[in-house]
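As a basis for the values below, the full set of heavy atoms in this structure was taken, side chains included, without hydrogen atoms, waters or symmetry mates.
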Amino acid sequence: LKKARDTLTRYRRKCQENIKHHKATAVQLARSDHKDKALLVLKKVRTQEALITSTQGKLDNLQKMVDDIEQAQVDAKVIDALKDGNEAQKQMQRFFDLDQIEQLMEDSAASIAYQQEVSELLGTSIMDRGIEEEAEKELEEMLSGMDEEEPSIKLSDVPQEPLSVKLPSVPQHELENDSQPQLIAA
């Protein structure tokens, strides 16, 4: 198809060259008072132009066919790739049995639960429970003691008069780009 396209392209160029030559000949014949011959040459020109139009239509059809074939080849490669992917997926599914995966997940969950129980037992030993109970009793005693007596800690007196510290003035107008935070590249 590409060879036919190239052949038609060469034929079209040849016709265009012939048209230029015939038009120049028709002008010379018309100047030399051979109007009949000039008319005949112009008819040849019109015939050549019709051939060019026909050739261009054929070229367009050939180009469309070439494009369609190339697209079909790409489609065929995509389909082959999909087939290969589908086959690979089927092989992976055969490799992973659903019953085995479910059993593996159950075993993992049981192992995780057992590990959590062990961690809880190791983290809260009997000695830790005793320390925790003693700390809670001490806290209760402190809270009950606070209700009965006033605190023995005396806080320093806070001055009653306002402090005379001069702060810098703040601009009243809005700053540009204040409403939009700027990102800085790292």
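Note that CG of L59 is 5.0 Å distant from CG of L8, once rounded to the nearest 0.5 Å. The CD atom of E134 lies 13.5 Å from the CG atom of L139; values are rounded to the nearest 0.5 Å. To the nearest 0.5 angstrom, Q63 atom CD is 9.0 Å from T9 atom OG1. Summarising the geometry, atom CD belonging to Q48 is positioned 10.5 Å from atom CD belonging to Q16; distances are rounded to the nearest 0.5 Å.
Partners of L39 under the side chain to side chain contact (heavy atoms under 4.5 Å, CB included) rule, at least two apart in sequence or in another chain, are K43. By the side-chain hydrogen bond (donor to acceptor under 3.5 Å, both in side chains) test, R13 is found to be paired with no residue, residues two or more places apart in sequence or in another chain being considered.
Of all heavy-atom pairs spanning A30 and A38, the tightest one is N-CB, 3.9 Å.
Applying the side chain to side chain donor-acceptor pair (under 3.5 Å) test to pairs two or more places apart or on separate chains, none has a residue in residues 17-27. Sorted by first and then second residue, the salt bridge (Lys or Arg N to Asp or Glu O under 4.0 Å) pairs involving residues 80-93 (not counting sequence neighbours) are E87-R94. Listed by first and then second residue, the salt bridge (Lys or Arg N to Asp or Glu O under 4.0 Å) pairs involving residues 59-78 are K2-E70, K64-D68 (not counting sequence neighbours). Within the structure, no pair that satisfies the salt bridge (Lys or Arg N to Asp or Glu O under 4.0 Å) test touches residues 25-40, not counting sequence neighbours.
The hydrophobic cluster containing L51 also includes Y11, under a criterion of side-chain heavy atoms closer than 4.5 Å among ILVMFWY residues, counted directly or through chains of members. The other residues sharing a hydrophobic cluster with L29 are V41, where clustering joins ILVMFWY side chains under 4.5 Å apart. Applying the under-4.5 Å side-chain rule to Ile, Leu, Val, Met, Phe, Trp and Tyr, the cluster around L42 consists of that residue alone. Under the 4.5 angstrom side-chain criterion for Ile, Leu, Val, Met, Phe, Trp and Tyr, the cluster partners of V45 are I19, I52.
By the 6.0 Å contact criterion, CD on Q91 is enclosed, its count of non-hydrogen atoms from other residues, nucleotides or ligands being greater than 12.
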Pairs under 3.5 angstrom only: tabulate donor-acceptor contacts from the side chains of residues 101-115 to other protein residues two or more places apart or in another chain.
| residue | atom | partner | partner atom | Å |
| --- | --- | --- | --- | --- |
| Q103 | NE2 | D107 | OD1 | 2.9 |
| S108 | OG | L104 | O | 3.0 |
| S111 | OG | D107 | O | 3.0 |

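S54 places no side-chain N or O within donor-acceptor distance of the main-chain N or O of A50, the cut-off being under 3.5 Å.
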